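Contents: one structure, followed by commentary.
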Amino acid sequence: MSYRKGSKVWVEEKGEGWVEAEVTEAKERAVVVLTSQRKKITVSPEKLLPRDTDEDLGGGHVDDMTKLTYLNEPGVLYNLKKRYALNEIYTYTGSILIAVNPFTRLPHLYNEYMMEQYKGVRLGELSPHVFAVADASYRAMVNESRSQSILVSGESGAGKTETTKLIMQYLTFVGGRAALDDRTVEQQVLESNPLLEAFGNAKTVRNDNSSRFGKFVEIQFDASGRISGAAIRTYLLERSRVVQITDPERNFHCFYQLCASGKDAELYKLGHASSFHYLNQSKTYDLEGTNNVDEYWKTKRAMDIVGISRKDQDAIFRTLAAILHLGNIEFAPGKDSDSSKIKGSTSNFHLQMAANLFMCDADLLVSTLCNRSIHTREGIIIKALDCPAAAANRDALAKTVYARLFDWLVENINKSIGQDVDSKVQIGVLDIYGFESFKNNSFEQFCINFANEKLQQHFNEHVFKMEQEEYKSEEINWSYIEFIDNQDVLDLIEKKPIGIIALLDEACMFPKSTHETFATKMFRNFSSHPRLEKTKFSETDFTISHYAGKVTYQTDSFLEKNRDYIVAEHCNLLSSSRCPFVSGLFTSLPEESIRSSYKFSSVASRFKLQLSALMETLNSTEPHYVRCVKPNSANRPQLFENQSVLHQLRCGGVLEAVRISLAGYPTRRTYAEFVDRFAVLIPELMIGSYDEITLTKGILEKMKLDNFQLGRTKVFLRAGQIAILDMRRAEVLDNAARHIQGRFRTFIARKEFVKTREASISVQAYCRGCLSRKMYAIRRETAAAVIVQKYVRRWLLRRAHLQACLSALLIQSYVRGFITRLYFSAIREHKAATVIQSTWRRRKVVMLFQHYRQATVAIQCAWRQKLARRELRRLKMAANEAGALREAKNKLEKKMDDLALRLTLERRLRAASEESKSSEILKREKIIESLSAECAAAKSAAQIEHDKNLLLQRQLDDSLREITMLQSKRIMTAEAEKENSNLKNLVESLSVKNSILEKELNVARKSSDDTMEKLKDVEGKCNHLQQNLDKLQEKLTNLENENHVLRQKAFNTPPMNNLAVAPKTLSEKFSEISASTGLPNCESKSTFDSPTPTKYLAPLPQTLTGSRRSRLPVERHEENHEILLRCIKENLGFKDGKPVAACIIYKCLLHWRAYESERTAIFDHVIEAINDVLKGQEADGRLPYWLSNTSALLCLLQRNLRSNGLFATPSRRSGALGLGGKLVQTLRSPSKLVGRSDSLPQVDARYPAILFKQQLTACVEKIFGQLRDNLKKEISPLLNVCIQAPKSTRGQPGKASKSPGVGAQPASNSNWDNIVNFLDLLMDTLRENYVPSFFIRKLITQLFSFINIQLFNSLLLRRECCTFSNGEYVKAGLSLLEKWITDVTEEFAGTSWHELNYIRQAVGFLVIHQKRKKTLEEIRQDLCPSLSVRQIYRICSMYWDDKYNTQGISNEVVAAMREVVNKDTQNLVSNSFLLDDDLSIPFSTEDLSMAIPAMDYADVDLPESLQHYTSVQFLLRQQDPQPVQ
């Protein structure tokens, strides 16, 4: 490919892999490029790869790398790097997900709301995510009833385990679990991880915690798609690591943990790890940042979690210790040359310890290690083993024991999790070690890379299949395309009879074979194989060209690590163990195995068989791939090492998938994108009205390209064709740029010429102006001199004239003054004479008036004297009638003393109320009534008052005896007597006060003036006592609420009839007192309530009578229930905006006295019937109707029911008047006690009615929530199509003006019109059902909040939505919603427009121009004040201008936002950038009572369909039913 100057390319560099560069000079065979580090490099064109010229537009990255303009290695690498810098860790490559480990917490990506967003969404529709892959596998399993598999691969530390955890977490979320369990499958599988890591992980050269086995987690599902079980399958355990390791690697973690366990290690005679042969082959015993002791206890806790008993745990660790002791057994030559024996005391000690730990015979263990038995027809032949053979026999035993121990652990873990053997489908998650290439590669790396070659072949077939499916879906011709395959490498390794594994097994079967003979034979058989190479500096090393690159293997230990003997003596030895655990690991062998007691077993062959079984499992499922990438070796966030990532991409097969795509049609673009990019190549066709396919074909034919394919929606190009188009496009744009530059230079030159000409004209005009101004100045000075002379002459003449005039005026003024003074003197003399005359006349008249007045006063005094004598006689007569005044004074004073006595009595009774509250209230009220009656009788005389006091005392004794009978079970006799003595003292004090009262009455008769003053004092004291009694009334109310239950029990006792008489007598006496004082009857319940015993005892007969009346016949109850049921089931409609059903139900319940009943089930029937209606098939359509009815019924209950003190609090009754206050109020305005209030009647509600009101409140909230949720479900599909502009609204590419000054064409808003129509229909439905505006306002507000959340979250999850044109489209739709809100008015819409703040600000940010000039503070304060920095950062990282191709936010602002986001990530518990839906009920019961207006139910008539029922005939006879008082 040829490059021109200015072309953007990728150039390879050792340190960075690939770097950006630009061609500065193009020669014949070389190209000079300038790198991003400002270095000039001369390279051949073949070593360069093209780079997209428009990569900085659209955010500089893509979420699916198949969308890259140039699908090549550096393009993939730098796309991942740019996305990683933005914390976009997931990227698609077709259907393959690449996950880059962020090494930091990103909880906003993995919460439950995010899982809900990806549930049921097609792969690729939202931003890349591991949840999308998991959901795709789950949907495919459910829809196709076929098992799925998810292959998670990657280097150690790349996040495979975490990715596997997230996949299982999502599958648990969508699948649930069929049976209830305390722990989810994900939790149970993850809880087994520490155990499997301890026994299956080890340190390697590259990773400290590398899995040395493959794990396949099967999550099983039942027929309904719910999780029914799980199982863990393990593959390819690296058994040879138990006996042989290389520095700086380690053995399995469990050995080191056991050695560091302290007391447990001492129990098994274990020391430091360096003292054991199987561990000290490497000098690495500890891992950085890991404590072996802590890890040991974590392993034990994991064993407890998976259900391994303490006995089995001890057996496991005994077995591990036995393996370590077994490895320290050394052998020495025996008596014969080919025999061996145990060497030294140390080996004997370890032998004895191994036998003790295995619980087997030590001699039998020695015989098993040093001898081999051969079964022949003649019998058994015992053959001694030499030292190397005995050591190999020992290692074989250790590997066999460890392998069977590992299998036992996996089996027990599966038992703990619980498998479903009847499951037909499952989703498997494979977590296996990745491709390995070290400096020294041995047999383990050979097997691992062989497994990865098999998986890569499976991967290639899947990618090839995906390519085929896309080609088929696009209906293009692809039959001649060839794809790369790695079958030749697999044949080289596993093909029989001359594959590498077959040759290795053959060499292992001959005792005399060495690795040199194996290597020689291998090179001889594969000398011409293209994938196998012989190294230059070694005769035994060989190199295989794998898919990920060349790997050189050292064959020094291939034979030893491949040999694995199945020895019958080993099984017989350990099956005879006295330890049940050890003997259970080794069951009896089949007959043929016993005959060949020393059968050879190849590790490589067994590895191949396990791999074949794994591939068979994978081939039976539909695969999904997740490639995990470790961005750096330091495990630090925001650090991306190009070389390391590039190596992982090669090892993970991602670049291999790219090569497969390159073999076909690597460049695929939608017709709209293609025409938008290359329309400049055919400007002649853009004038006409052609479709996009015709334009695409015209572009390709004009460029003379062949071998392209036109699909249904995309154009497919071969590799390199897009570069030709880009080159031609660059030439066209360069020519256009040169033409524009020429025109611009002409414009600049002409502008300079015009400016020069205008400057010269300006200079000439200025010079002429200066000359003219100079001549004008001379002429003006001459004219000024003449004018000055004229004015001077005029001034001199005028001054002389003015002096003459002043002199004449002065003379005239003096003459006139003299004449005037003479005239004034004459006038003053005449006025003085007149004043003297008037004074004399006035004197004469005054003397005459005084004479007349004295005579008049004398007459008046005589007359007044006469009238005074007459008035004196009248007053003397009136003095005899002063008894009436004294009588009124007497009444008022008695009333004042009555109130004072009652106040004192109330205080003393309040002190004693702590012990017996109910009896004290009754006593206090009776004492008040008796004192009132006694004071009324004291008006006649002292002797009569004394007799009445004795009568009152007898009455009090009688009442106390009755109270004592009532409280005999709870109050002691001594306390009652003490109360009686207190009452006697009170009576004596009352008699003393009565004597004092007589003296005061005698004094009061002396003077009427003193009587009036005392009356005023009495009135003041009454006001003060009224306040005190108000406080006592509040305290009595508290006591009433606390002792309500005791009073009810007291009312039900046998002496009730007797008690009912006494209050009645007291009440009559009090009425007599009221009559005597001129007050109306205070017993009326409708006027006020007094704190007397009648408040509690008088309603009792009514309550009992009501309870007897509630025992209606069964037929009457059934009829009532039927009436209510028909009211609820039938749609009775509305009358004058009032719901008929609610009014009828309320009036029926009111007439039937249901609210006053202590026990009734009718309320439960009403609530149950309403719930049944809401559960019906047409419930959704009737929700507005029932929202209106239930809210109306609730408001009627709130306004017309009172709790009768049962649930009242002091604060609610703080404004109530006490008894004294009401008496005073009666005196002042007696008219208030007469008549009935105009408001609706208040009904005393009992507990069932109060409970019914609470249930009805919950029903209203339920209906509101159900209606809101239904509306959200209906509007969600409309919102999903509104967030992204349809292609038809984006305009034809190349035709639309791209000038920022030109306004956007109005897009089609049919989708938004559907939302507006939906809202209009909703408003019509709510108004038809007369739903109160309060509910409509709350409903519309929450609906718009949901619209804001859905649109905003979709905007953040879909990159194609974060574009300039899409922002214009959404903004136009939001303007329609704003218009709708304005039309509806604030009464119904409320604050709906403010609920759209998030989406409005986000869309406003998308459509502003010159984003690069905006600072972070301007964005946060002015443009997006409601959005968090994380949300703004998300929008900036996804934004791209698809209309004007301008750049987004500057890199400095993006970097500042990244720092803020990273800092917040460390501090916040939940830092999701998505909004959460509000599911709360936005109102309370108090809000309803205040917001919904009062309703008059009296004018609501009974429907004709209910008029035939006898129980509702009262509704036909009366309009306003009232309960009988």
Side-chain angles (χ1 to χ4, degrees), residues 1106 1110 1117 1119-1157 1160-1171 1173 1185-1204 1237-1260 1263 1329-1332 1335 1485 1488-1489 1491-1503 1505-1507 1509 1511-1525:
S1110 64
H1117 282 295
E1119 184 178 355
N1120 294 347
H1121 294 165
E1122 184 179 355
I1123 293 169
L1124 296 178
L1125 189 61
R1126 289 197 60 180
C1127 288
I1128 293 172
K1129 288 189 175 181
E1130 296 179 4
N1131 189 345
L1132 302 183
F1134 301 85
K1135 181 181 179 182
D1136 299 332
K1138 303 173 203 174
V1140 176
C1143 295
I1144 296 299
I1145 292 172
Y1146 176 76
K1147 290 199 286 187
C1148 288
L1149 295 175
L1150 183 65
H1151 181 76
W1152 298 335
R1153 293 182 174 273
Y1155 303 121
E1156 303 175 49
S1157 300
T1160 179
I1162 196 168
F1163 297 130
D1164 296 335
H1165 287 286
V1166 173
I1167 295 297
E1168 185 178 356
I1170 294 175
N1171 290 333
V1173 171
Y1185 171 78
W1186 275 109
L1187 181 60
S1188 180
N1189 275 275
T1190 52
S1191 61
L1193 182 57
L1194 179 61
C1195 289
L1196 287 173
L1197 295 178
Q1198 286 179 335
R1199 289 186 170 89
N1200 302 327
L1201 296 187
R1202 62 169 176 260
S1203 62
N1204 198 17
S1237 175
D1238 295 335
S1239 61
L1240 294 176
Q1242 295 283 321
V1243 181
D1244 291 336
R1246 299 300 178 183
Y1247 177 74
I1250 301 299
L1251 183 60
F1252 173 62
K1253 186 166 66 173
Q1254 296 175 355
Q1255 292 175 337
L1256 197 61
T1257 303
C1259 189
V1260 171
I1263 295 172
N1329 290 277
Y1330 294 96
V1331 177
F1335 287 110
T1485 309
L1488 294 180
S1489 60
I1492 300 179
M1495 180 185 303
D1496 184 11
Y1497 58 84
D1499 58 346
V1500 177
D1501 298 332
L1502 183 68
S1505 59
L1506 302 177
Q1507 291 180 2
Y1509 290 101
S1511 298
V1512 292
Q1513 294 301 316
F1514 69 95
L1515 294 176
L1516 300 176
R1517 296 192 299 269
Q1518 56 185 6
Q1519 290 292 90
D1520 188 11
Q1522 300 295 330
V1524 179
Q1525 298 295 329

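Note that this is a predicted model, so its numbers are computed, not measured.
- With contacts defined as side-chain heavy-atom distances shorter than 4.5 Å, the pair Ile1128/Ile1145 qualifies.
- Put simply, CG on Leu1193 and CH2 on Trp1186 are 8.5 Å apart, with the number rounded to the nearest 0.5 Å.
- Heavy atoms of other residues, nucleotides or ligands lying less than 6.0 angstrom from NZ of Lys1129 number 12 at most.
- Proximity of a side-chain donor or acceptor of Tyr1185 to a complementary backbone N or O of Pro1139 within less than 3.5 Å is not detected.
- Residue Leu1150 holds its CG atom at 10.0 Å from CG of Leu1196, rounded to the nearest 0.5 Å.
- Note: Phe1335 CZ to Asn1329 CG = 13.5 Å, rounded to the nearest 0.5 Å.
- Between Ser1191 and Leu1187, the shortest heavy-atom contact is OG-O, 2.7 Å.
- The two atoms that bring Ala1169 and Leu1125 nearest to each other are CB-CD1, 3.7 Å, heavy atoms only.
- For the pair Leu1149 and Ile1162, the minimum side-chain heavy-atom distance is below 4.5 Å.
- For Tyr1330, the ring-ring contact (aromatic ring centres under 6.0 Å, His included) partners two or more places apart in sequence, or in a different chain, are Phe1134.
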Atom pairs and distances, donor-acceptor, side-chain atoms in residues 1249-1259, under 3.5 Å, two or more places apart:
from, atom 1, to, atom 2, distance (Å)
Thr1257, OG1, Lys1253, O, 2.8

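- Ala1141 and Leu1132 get closest at one heavy-atom pair: CA-CD1, 3.9 Å.
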